[in-house]
There are 2 protein chains.
Amino acid sequence: MRRREHMFDKVVTPSDVGKLNRLVVPKHFAERHFLPQLLPAAGLAAARLAGAVLRFEDSRGGGRAWAFRFSYWSSSQSYVMTKGWSAFVRDRRLAAGDTVSFCRAGARLFIDCRRRRGIPPPAAPKPFVPFMGLVATAQRTTSDEARRQFVRLFGVDLEVAGADEPPVLLDLQLALMR
Amino acid sequence: MRRREHMFDKVVTPSDVGKLNRLVVPKHFAERHFLPQLLPAAGLAAARLAGAVLRFEDSRGGGRAWAFRFSYWSSSQSYVMTKGWSAFVRDRRLAAGDTVSFCRAGARLFIDCRRRRGIPPPAAPKPFVPFMGLVATAQRTTSDEARRQFVRLFGVDLEVAGADEPPVLLDLQLALMR
DNA sequence: GAACTCACCTGGATC
DNA sequence: CGATCCAGGTGAGTT
């Protein structure tokens with residue numbers, strides 16, 4: 001058997017292992033590694049990708065085979081694996097932060113994954129939006145990260161005006177009720 | 001050009017201008033004014049609505065054109081405008097309580113909107129977002145206007161708690177980022 | 001009819 | 001900056 005070459009890795013996101021049942025394949029990897037496989041000669045002809053199936057062997061001992069539908073979502077300009085993917089997630093208990101790894105040996109494709117290393121993720125305290133407030137002029141009591149999170153969630157920024165106020169050390173918490 | 005006939009108005013809800021990116025079109029208006037347009041002869045055949053696009057001219061001077069995807073959501077049994085709608089909301093800075101207005105002249109459709117008049121309806125005591133830890137007890141420095149703006153934007157109200165904090169003279173400003 | 005699947009859509013982040 | 005990418009959603013169809 002030919003030597004196994006590494007193609008690419010992806011650290012999976014919460015969406016990749018969640019209810020969306022799809023893995024987003026970063027475009028440059030998809031176009032470098034999967035498209036040539038599927039379209040041996042011609043140009044992209046993305047339309048022909050409809051229904052394409054990629055088959056992988058499990059790098060683990062079992063030699064189990066996996067089949068994933070691979071397609072291009074033109075609305076989001078991205079490549080995805082859909083059908084079959086969630087079975088892999090379940091079987092391997094893939095979690096956000098883990099890494100999936102794709103290799104090949106000639107025409108044979110292989111998939112593997114490994115557990116995340118290092119610090120477990122910021123254990124999303126969901127219903128709660130931890131918000132540390134704000135800022136005064138002199139003393140910015142809040143991390144920019146917290147602030148950006150607020151902006152991301154609500155689409156607006158909060159700003160505290162009143163430069164002559166004593167710097168305040170407030171810790172704000174915002175709980176979404178519904 | 002034919003005379004412009006008024007079709008219907010809707011006072012938009014917080015959801016209509018919020019993150020759901022859709023306008024709910026009251027069913028009787030949808031079936032009276034839009035369905036005949038899309039299904040000139042036949043019965044409802046809701047399936048044929050998939051992907052229907054309605055094009056409107058802006059009643060404002062510019063004559064700008066708007067295209068909205070119009071469809072039926074069987075889960076909620078309601079007609080909606082989806083794709084394209086949020087662009088209109090942004091462009092016109094449409095806010096909850098404002099009115100959108102639909103007219104036609106022959107086959108041409110027109111859209112317009114107008115600002116809410118009068119006092120904003122008693123700040124819809126929606127689900128409450130308890131906002132803990134902040135600010136003025138005796139002295140509520142957050143202007144009511146800022147607060148109403150928040151309610152308008154998010155459809156929820158904020159409550160300030162933390163009676164034992166030293167009264168702070170902060171002025172919370174909501175600054176729209178975009 | 002609940003759960004799953006999938007094509008479509010949007011906005012934040014980034015280049 | 002405008003354009004692109006992609007993470008996170010949605011509804012509709014299927015099982």
Side-chain angles (χ1 to χ4, degrees), chain A residues 8-32 34-35 44 46-47 49-54 66-91 94-98 100 121-122 124 126 129 144-157 176 178, chain B residues 15-25 44-53 67-91 153-154 176-178:
Chain A
F8 67 94
D9 291 348
K10 182 184 181 183
V11 176
V12 298
T13 67
S15 298
D16 289 330
V17 299
K19 293 174 222 180
L20 302 186
N21 303 306
R22 56 100 181 106
L23 171 75
V24 171
V25 181
K27 181 174 272 187
H28 57 289
F29 291 142
E31 294 184 342
R32 171 161 9 172
F34 294 148
L35 281 190
L44 289 191
L49 278 179
V53 173
L54 288 173
W66 296 97
F68 305 126
R69 169 182 283 247
F70 174 77
S71 60
Y72 181 70
W73 284 351
S74 55
S75 54
S76 56
Q77 313 252 89
S78 51
Y79 293 91
V80 288
M81 292 188 184
T82 56
K83 186 176 181 187
W85 171 247
S86 60
F88 181 81
V89 171
R90 262 193 310 276
D91 184 84
L94 202 60
D98 296 347
V100 274
K126 235 353 185 189
V129 177
D144 282 330
E145 173 49 30
R147 184 175 182 163
R148 282 195 294 109
Q149 186 179 2
F150 186 88
V151 172
R152 231 178 291 127
L153 278 161
F154 296 110
V156 295
D157 199 1
L176 258 166
R178 26 168 201 188
Chain B
S15 298
D16 288 331
V17 298
K19 292 175 271 200
L20 302 185
N21 303 306
R22 57 102 182 104
L23 171 74
V24 170
V25 181
L44 290 191
R48 297 215 24 215
L49 278 180
V53 174
F68 305 126
R69 170 179 285 247
F70 175 77
S71 58
Y72 181 70
W73 283 352
S74 54
S75 53
S76 56
Q77 309 259 85
S78 54
Y79 293 90
V80 289
M81 293 189 184
T82 56
K83 186 178 182 184
W85 173 248
S86 60
F88 181 80
V89 171
R90 263 194 309 278
D91 185 84
L153 279 162
F154 302 118
L176 262 165
M177 288 296 275
R178 0 175 214 179

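Throughout, protein chains are lettered first and strands after them, A, B, ... in sequence-line order, and every chain is numbered starting at 1.
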Item to complete: State whether Thr13(A) places a side-chain N or O below 4.0 Å from either non-bridging phosphate oxygen (OP1 or OP2) of dG8(D).
Response: yes
From the candidates dA7(D), dG11(D), dC8(C), the one with an atom nearest any side-chain atom of Ser75(A) is dC8(C)
Point to revise | Sugar-phosphate, base or nothing in reach of Arg22(B), heavy atoms under 4.0 Å | key: nothing
Do any side-chain nitrogens or oxygens of Trp73(B) fall under 4.0 Å of OP1 or OP2 in dG11(D)? no
note: Lys83(A), atom NZ; dG13(D), atom C1'; distance rounded to Å ~ 14 Å
Looking only at dA7(D), dC9(C), dC6(D), the nucleotide nearest the Pro26(A) side chain is dC6(D)
Rounded to the nearest 0.5 angstrom, the CZ-OG1 distance for Arg69(A) and Thr82(A) is 5.5 Å
- prompt: Would you say the ring centroid of Tyr72(A) lies under 6.0 angstrom from that of Phe34(A)?
  reply: no
Sorted by position of nearest nucleotide on DNA chain D, 5' first, the leading residue of Ser15(A) and Gln77(A) is Gln77(A)
Picking from dC9(C), dC6(D), dG8(D), the nucleotide nearest the side-chain atoms of Leu20(A) would be dG8(D)
In whole angstroms, the gap separating C1' of dC8(C) from CE of Met81(B) amounts to 19 Å
Tyr79(A) OH to dC5(D) C1', in whole Å, measures 12 Å
It should be established whether Arg69(A) places a side-chain nitrogen or oxygen under 4.0 Å from OP1 or OP2 of nucleotide dA7(C). yes
* To do: Using only side-chain N and O atoms of Ser86(B), determine if any of them is under 4.0 Å from OP1 or OP2 of dG11(C).
  => yes
Phe68(B) vs Trp85(B) aromatic rings, parallel, tilted or perpendicular, using cut-offs 30° and 60°? perpendicular
Using modelled atom types and a 3.5 Å cut-off, is there a donor and acceptor pairing between side-chain atoms of Lys27(A) and backbone atoms of Gln77(A)? yes
Rounded to whole Å, CG of Asp91(B) lies from C1' of dT10(C) at a distance of 17 Å
From OH of Tyr72(A) across to C1' of dC6(D) the rounded distance in Å is 11 Å
note: His28(A), atom NE2; dT4(D), atom C1'; distance rounded to Å ~ 13 Å
What's Gly84(A) touching, base or sugar-phosphate or nothing? Going by heavy atoms closer than 4.0 Å. nothing
Here the distance between atom C1' of dC5(D) and atom NZ of Lys10(A), to the nearest Å, is 11 Å
It should be established whether Lys27(A) places a side-chain nitrogen or oxygen under 4.0 Å from OP1 or OP2 of nucleotide dA7(D). no
| Between Tyr79(B) and Phe70(B), does the ring centroid distance fall short of 6.0 Å? | yes
For this session: Check whether any side-chain nitrogen or oxygen of Asn21(B) sits under 4.0 Å from OP1 or OP2 of dG11(C), and answer yes or no.
Result: yes
By salt bridge (Lys or Arg N to Asp or Glu O under 4.0 Å), Lys10(A) pairs with (sequence neighbours left out) Asp16(A)
Sugar-phosphate, base or nothing in reach of Thr82(A), heavy atoms under 4.0 Å = sugar-phosphate
Do the side chain of Arg90(B) and the base of dG11(C) come within less than 3.5 angstrom through a donor-acceptor pair of N or O atoms?
-> no
Trp85(B) atom CH2 is separated from dC8(C) atom P, nearest whole Å, by 24 Å
